[in-house]
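Right, one structure below, let's go through it.
Chain letters run A, B, ... following the sequence lines, proteins first, then strands; residues in each count from 1.
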There are 2 protein chains.
Amino acid sequence: MTQKAPEPKKRANLRDVAKAAGVSVATVSRVLNEPGVVKKDTLEKVQTAIARLKFVPSAAARAINSGRTRFVGALVPTLDNAIFARFLAALERTLSQHDLSLVVATTDSDLEIEAEKAKSLVDIGAEGLIITGAAHSAALHDLIERTMLPTIITSFYDTENPLPTIGYDNAGAAQLALQHLIDLGHQRISVVHGPTHDNDRTRARLSGLRALPMASELTTFETDFSHQGGADAARQICALPQKPDAILCLSDVVALGVLFGLQAEGVSVPGDVSLVGIDDLPSSAVAVPPITTVHLPVTQMGERSAVALADWIAEQKKPGPERLEARLVERQSAIRRNTG
Amino acid sequence: MTQKAPEPKKRANLRDVAKAAGVSVATVSRVLNEPGVVKKDTLEKVQTAIARLKFVPSAAARAINSGRTRFVGALVPTLDNAIFARFLAALERTLSQHDLSLVVATTDSDLEIEAEKAKSLVDIGAEGLIITGAAHSAALHDLIERTMLPTIITSFYDTENPLPTIGYDNAGAAQLALQHLIDLGHQRISVVHGPTHDNDRTRARLSGLRALPMASELTTFETDFSHQGGADAARQICALPQKPDAILCLSDVVALGVLFGLQAEGVSVPGDVSLVGIDDLPSSAVAVPPITTVHLPVTQMGERSAVALADWIAEQKKPGPERLEARLVERQSAIRRNTG
DNA sequence: CTCGCTAATGTAACTAGTTACAGAGGTTGC
DNA sequence: GCAACCTCTGTAACTAGTTACATTAGCGAG
């Protein structure tokens, strides 16, 4: 008549299984890790016990022995921009081929938050780190140095950095875009970009622009890193006494926003004004008109970073920097303008 | 003349620190966890030793005692859609307030991959799971049952599900959009949606549509879950002998693609055809024309899921389902059509 | 001067696995 | 018939922390 006693809530561990199966802990461990060496009926006994007790091995206990947690962390400014989403997708896919999971943390482009999040990634046991850009807080540099955590810098290429950088030349990418507009005969060019605070990629792109002779003719607009931000900037530009004949956006999200903003103001692209972006998001190819942009190889960057980090972790050997090529993708949003 | 001996590569552990500082392991542990109870100069001795040896406590060893790993996993179809990115951003932000990190894994809308990824999340020690939709493979259900892992279903509301669902009524959201078009006097309506395979949210939206009297008049187009997919569908629709007077897209990504596709074909929205989406992505508000859509409260969904999961983990008490309201956001892409 | 109390620290047993080594039992070789 | 060897399993010591309990030191009161 007595009901089965309510099983103790506690999760079964390896010793419980061993007892239930009438074998030693070593045997259970073997069933888990090298079932080949265990005699068939012992194997079955143990597996039955595992199933009956709903035994699930503890990740922590396993990690304490192997010294491995099997995951790495990535710090990105935001998920709310397809460029990072695409990068992370490739990163995650490739890491997973190396039997590593990915923990994502967002920094909101704030170096203090970045350092905090990095700390908590280390606290939960990340075996490596992927960070965005080369500028970071002292706290983060200190953390990386103290823990000697394999860490790769992405979205940035710099041979001088003590940490390996895997990315593209931001200054060069911006120059590619500007040079294209210059080649098309544009003279009055407005530049629209996202916040420069705590963002060395944007700063690098701007400084690339300044290195070109055209630089003095440039008017720049800083706005939000969003479609809305781009649309707002477009409205500002339309209110100018003398409209530019081309707009260069330092990211495609902003470029699409600018395109919408111009359309809303009745300004035709590329008829009235040419538009060029940077990133090459999928939406840029589909927009009307399709947006001319500089393709950044973020998928490749995700793949290369994953491989480099996985190797670094596996072989304790720091990889070198890798430069990935940005290239201009000509579409229909920028056309030749006759000078004079 | 002898150089300092190359320090042993091995990471210092708590016992090494104790030895170096001339105290016991318990004291070092106290310095780490309750520095208040340690005498000041002991504290300093230990902290010096920690700094000198670059000691970083092992997450695994800590986890083995506390039974806590401080992170949960989320399984989403893709990062490459702003709707999930926004959800995850809110989820991550809120989890982080509860001292939990987030491990993201993408499933590519494949239930087999989903189950594999879930397995590896459990293997690395996730304390809880966030999954998308209610349809899952037997392997995943089995895993959740065996591990008794706190697991929350999102993007879906269903009081019957044994797991707590935190989400919206997909059928109702689709009906909201369709009813709006009906109310505006539209009669020939095309529906464009992403793949239904392994995607119960899209299936639920379609079945919601079928429950409305208008259903028999609907033509549906299945396409890729992307801007490009939407543009392709638009081209198909334009090639129809009789064009619809409204297009209903079951997601905003596709809706924007359709808008681009129609523009490219010279079809005016809303002049020639009305357009309605579902999701309410930021781009929909900025597009020209701004797209009428059904707002899905994904940010709130991320926050609520995080809180519910954190509580579940902390108090071992399964939360109930939560229904979040979808609501129509009228913008300019759908206008009244005179009947007859 | 010793008792009693508190504050600070130490000892050793835990957590849940892995693994080196030992040992039992059976088979084969000479 | 016994050594040698192989297969399989068990014992116990590891991993790196936390923590219950024991111990010591220091100080004031009686």
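The residue A:Val38 sits close only to the backbone: its heavy atoms come under 4.0 Å of sugar-phosphate atoms, none of a base. Across all strands, A:Thr27 comes closer than 4.0 Å only to sugar-phosphate atoms, never to a base (heavy-atom distances). Among the protein residues, A:Val23 comes within range of the sugar-phosphate backbone only, with heavy atoms under 4.0 Å from sugar or phosphate atoms but none that close to a base.
The residue among A:Ile64 and B:Leu43 whose nearest nucleotide of DNA chain C is located toward the 5' end is B:Leu43. Heavy-atom distances to DNA chain D give each of A:Gly36 and A:Ala26 a nearest nucleotide, and the one nearer the 5′ end belongs to A:Gly36.
Ion pair A:Asp123/A:Lys119 flagged as a salt bridge, since at least one NZ, NE, NH1 or NH2 atom sits closer than 4.0 Å to an Asp/Glu carboxylate oxygen. A salt bridge is defined here as a Lys NZ or Arg NE, NH1 or NH2 lying under 4.0 Å from an Asp or Glu carboxylate O, and B:Lys317 with B:Asp311 fails to meet this definition.
Side-chain rings of A:Tyr168 and A:Phe156 stay apart, their centers remaining 6.0 Å or farther from each other.
For the pair B:Lys45 NZ and C:dG10 C1', the computed distance is 13 Å after rounding to whole Å. Nucleotide C:dG10 holds its C1' atom 15 Å from the NZ atom of B:Lys19, rounded to whole Å.
With hydrogens and angles disregarded, a donor-acceptor distance shorter than 3.5 Å links the side chain of B:Asp198 to the backbone of B:Leu111.
On the nucleic acid side, DNA chain D contacts chain A at distances under 4.0 Å to non-hydrogen atoms, with the end points of that region at D:dC8 to D:dA16.
Between the side chains of B:Ser137 and B:Glu114, not a single donor N or O lies within less than 3.5 Å of an accepting N or O.
Here B:Thr27 contributes atom OG1 and B:Lys45 contributes atom NZ; the two are 8.5 Å apart, rounded to the nearest 0.5 Å.
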